[in-house]
*Asks:* 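My questions will all concern the structure given below.
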Amino acid sequence: LLDTPSKVYFVSNGSLVSYDKDEEETYIYNSQNKLNDNNIDNIYYNPEKNYLAVVYDNSNIDLVYDNGKVVNLGDIKDSNLTASKKINYITFGHDCIYVAADFGVVIFDDEKLQVVESGIYNETINMFTRLGDHYVIHYKWAMWCAPVSSRINSLSKFEKYIDFDALAFQPVDDTRLLVCNQYYEQGNIASVTFDFNSKKAEFEYILQNFKSDRICYWKNGFYMNSGNGMLWVNDSLTEKGERPLGRGNAVVAIWDSADKG
């Protein structure tokens with residue numbers, strides 16, 4: 001369930017559904033009308049570019065724009081890779097889409113709508129993004145970084161900065177990630193700050209004993225759902241708030257107000 005400025009998106013039985021908040025209308029997307037495939041595995045929203053990245057279980061990707069336009073990015077699905085093509089995570093920034101997959105990483109230019117770089121490592125990369133002038137991956141329970149100026153065609157280009165297991169992350173600024181951390185069965189929300197000169201990183205807990213595997217956007221920051229509550233933080237991580245839900249595994253979508261929802 002993802003809230004956006006104009007629509008609420010969710011996946012039901014492998015199909016994409018949107019609710020238009022202004023028109024109060026529900027629309028079901030499928031391969032017979034707008035989409036290019038079936039069996040949706042996950043969805044990710046880019047609030048700066050107003051599109052939804054729809055990931056299918058065969059590694060195909062559609063970009064569904066708020067204005068109704070749909071663009072297909074089939075490069076990963078159509079590739080000749082023999083390894084698993086499963087897409088594990090997507091982030092956005094710098095006019096690009098950063099894809100972490102079972103085989104490595106792919107960067108799409110979301111203006112030119114084409115692949116601009118990839119790394120075929122035959123290793124599972126859990127997450128991938130860009131912070132300032134460095135790329136960051138989550139790989140083997142740690143955060144690894146490589147300069148944007150170097151080609152990332154080999155895992156050897158990345159250096160380990162910190163051992164830190166993660167379920168989800170999102171860039172906050174040029175040096176920080178907001179991270180849903182997992183330590184054994186315990187969940188925590190933390191910020192991880194990278195020092196690219198010393199090639200180290202440090203974390204600071206925002207909230208402990210809160211387990212979530214997705215970080216979503218709202219107008220002024222991020223929010224995360226757990227089994228029985230919601231945590232919101234602003235975009236500089238200087239303010240936060242909790243909302244108990246009390247409905248058991250409920251999921252809340254917010255955009256305009258973290259307090260009202």
Side-chain angles (χ1 to χ4, degrees), residues 1-79 81 85-101 105-118 127-130 135 168-171 214-223 225 235 251-257 261:
L1 186 69
L2 294 178
D3 202 355
T4 76
S6 61
K7 293 180 173 66
V8 179
Y9 293 99
F10 61 94
V11 176
S12 177
N13 296 320
S15 298
L16 178 66
V17 182
S18 72
Y19 173 75
D20 189 304
K21 292 185 282 188
D22 292 328
E23 302 296 330
E24 297 186 348
E25 292 180 349
T26 299
Y27 185 84
I28 299 175
Y29 298 78
N30 57 52
S31 59
Q32 302 303 310
N33 48 43
K34 287 182 175 290
L35 300 184
N36 290 282
D37 225 313
N38 301 289
N39 301 320
I40 296 171
D41 189 48
N42 217 331
I43 55 176
Y44 304 86
Y45 188 71
N46 184 342
E48 293 184 357
K49 298 294 190 73
N50 302 116
Y51 64 75
L52 188 78
V54 178
V55 176
Y56 300 94
D57 62 2
N58 64 356
S59 303
N60 202 3
I61 299 174
D62 273 339
L63 303 186
V64 179
Y65 291 80
D66 286 356
N67 63 8
K69 181 178 73 172
V70 176
V71 175
N72 182 242
L73 301 177
D75 303 74
I76 297 176
K77 182 196 71 141
D78 296 336
S79 67
L81 293 171
K85 302 178 186 179
K86 183 179 183 300
I87 293 173
N88 299 318
Y89 205 76
I90 284 179
T91 63
F92 310 98
H94 300 270
D95 296 326
C96 288
I97 303 169
Y98 304 96
V99 180
V105 299
V106 177
I107 303 174
F108 288 92
D109 184 314
D110 69 1
E111 295 288 334
K112 298 178 181 178
L113 301 171
Q114 62 187 29
V115 173
V116 292
E117 193 167 3
S118 63
M127 281 162 268
F128 174 42
T129 197
R130 176 176 171 176
Y135 295 122
F169 69 35
Q170 287 292 346
R214 177 179 283 268
I215 300 172
C216 302
Y217 292 97
W218 66 287
K219 183 172 63 176
N220 295 320
F222 311 89
Y223 70 92
N225 290 297
D235 52 14
V251 177
V252 169
I254 61 174
W255 182 262
D256 293 318
S257 172

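Hydrogens, waters and symmetry mates are skipped; everything else that's a heavy atom, side chains included, is used.
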*Asks:* With a 3.5 Å cut-off and no angle check, do the side chains of D37 and N58 form a donor-acceptor pair?
*Replies:*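 Present: a donor and an acceptor within the cut-off.
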*Asks:* Whether K69 engages the ring of Y65 as a cation-pi pair (distance to the six-membered ring centre under 6.0 angstrom, angle to the ring normal within 45°) should be assessed.
*Replies:*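 Yes; both conditions hold, so K69 lies above the ring face of Y65.
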*Asks:* Roughly how far apart are T91 OG1 and M127 CE, rounded to 0.5 Å?
*Replies:*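 One finds 10.0 Å between OG1 of T91 and CE of M127.
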*Asks:* Check whether any side-chain heavy atom of Y29 sits under 4.5 Å from a side-chain heavy atom of S18, and report yes or no.
*Replies:*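 They are in contact (side-chain heavy atoms under 4.5 Å apart), so the answer is yes.
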*Asks:* From C216 SG over to Y223 OH, what is the distance, rounded to the nearest 0.5 angstrom?
*Replies:*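 C216 atom SG to Y223 atom OH measures 4.0 Å (nearest 0.5 Å).
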*Asks:* With rounding to the nearest 0.5 Å, note down the distance linking CG in D20 to NZ in K7.
*Replies:*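 It comes to 5.0 Å.
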*Asks:* Start with the C-alpha gap between D95 and K49, add the side-chain angles, then the distance that decides, and say whether salt bridge (charged side-chain N to carboxylate O under 4.0 Å, His left out) holds.
*Replies:* CA-CA 9 Å; D95 296 326; K49 298 294 190 73; 2.9 Å; yes
*Asks:* Let's go through V64 and L16 carefully: what are the C-alpha distance in whole Å and the side-chain angles of both, what is the deciding distance for side chain to side chain contact (heavy atoms under 4.5 Å, CB included) to 0.1 Å, and is it a yes or a no?
*Replies:* CA-CA 10 Å; V64 179; L16 178 66; 4.3 Å; yes
*Asks:* Closer than 3.5 angstrom, by distance alone: can the side chain of K21 be matched with the main-chain N or O of T4 as a donor-acceptor pair?
*Replies:*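 The answer is yes, because a donor-acceptor pair under 3.5 Å joins these two groups.
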*Asks:* Determine the sole option in L35, I87, D41 for which the side-chain contact (heavy atoms from CB on, under 4.5 Å) test with Y56 is passed.
*Replies:*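 Looking at L35, I87, D41, the match for Y56 under the side-chain contact (heavy atoms from CB on, under 4.5 Å) is L35.
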*Asks:* Is V106 close to E117 at the side-chain level, that is, under 4.5 Å between some pair of heavy atoms?
*Replies:*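 Not in contact.
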*Asks:* Indicate yes or no: at least one non-hydrogen side-chain atom of W255 is less than 4.5 angstrom from one of P47.
*Replies:*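 W255 reaches P47 side chain to side chain.
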*Asks:* Applying the ring pair (Phe, Tyr, Trp, His ring centres under 6.0 Å) criterion to Y89, which one of Y44, F128, Y98 satisfies it?
*Replies:*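 Result for ring pair (Phe, Tyr, Trp, His ring centres under 6.0 Å) with Y89: Y44.
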*Asks:* Please walk me through it: do N46 and D110 pass side chain to side chain contact (heavy atoms under 4.5 Å, CB included)?
*Replies:* CA-CA 10 Å; N46 184 342; D110 69 1; 3.7 Å; yes
*Asks:* Quick check, are the ring centers of Y217 and F222 under 6.0 angstrom apart?
*Replies:*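 Under 6.0 Å, so yes.
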*Asks:* I'd like to know if the side chain of N30 and the backbone of N33 have a donor-acceptor N/O pair within less than 3.5 Å.
*Replies:*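 Between the backbone of N33 and the side chain of N30 there is a qualifying donor-acceptor contact (under 3.5 Å).
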*Asks:* I'd like to know whether F92 forms a side chain to side chain contact (heavy atoms under 4.5 Å, CB included) with R130, so could you lay out the CA-CA distance, the side-chain angles of the two residues, the decisive distance to 0.1 Å, and finally the verdict.
*Replies:* CA-CA 8 Å; F92 310 98; R130 176 176 171 176; over 6 Å; no
*Asks:* Does the side chain of D235 come under 3.5 Å of the side chain of N220 through a donor N or O and an acceptor N or O?
*Replies:*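 No, no side-chain donor-acceptor pair sits under 3.5 Å.
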*Asks:* Any side-chain donor-acceptor pair under 3.5 Å between D66 and Y45?
*Replies:*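 Short answer, yes.
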*Asks:* Please check if atom CG in N13 has more than 12 non-hydrogen atoms from other residues, nucleotides or ligands closer than 6.0 Å.
*Replies:*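 Count not over threshold, so no.
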*Asks:* Do Y9 and I43 have side chains that get closer than 4.5 Å, going by heavy atoms?
*Replies:*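 Yes, close enough: below the 4.5 Å cut-off.
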*Asks:* Which distance, rounded to the nearest 0.5 Å, do you find between the OG of S12 and the CD1 of I28?
*Replies:*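 S12 OG to I28 CD1: 8.0 Å, rounded to 0.5 Å.
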*Asks:* Hey, could you give me the CD1/CG distance between I97 and L113, rounded to the nearest 0.5 Å?
*Replies:*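 Output value for this atom pair is 7.5 Å.
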*Asks:* Does any part of the side chain of K85, heavy atoms only, come nearer than 4.5 Å to the side chain of N60, both counted from C-beta?
*Replies:*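 Not touching, per the 4.5 Å side-chain cut-off.
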*Asks:* If you define the side chain from C-beta out and look only at heavy atoms, does anything of V99 sit under 4.5 Å from I76?
*Replies:*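 Yes, at least one pair of side-chain atoms sits under 4.5 Å.
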*Asks:* Could you give me the CA-CA distance, side-chain angles and deciding distance for T129 and F169, then say whether side chain to side chain contact (heavy atoms under 4.5 Å, CB included) is met?
*Replies:* CA-CA 9 Å; T129 197; F169 69 35; 3.6 Å; yes
*Asks:* Should we count CD of E48 as having more than 12 external heavy atoms under 6.0 Å?
*Replies:*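 Counting other residues, nucleotides and ligands, CD of E48 stays at 12 neighbours or fewer.
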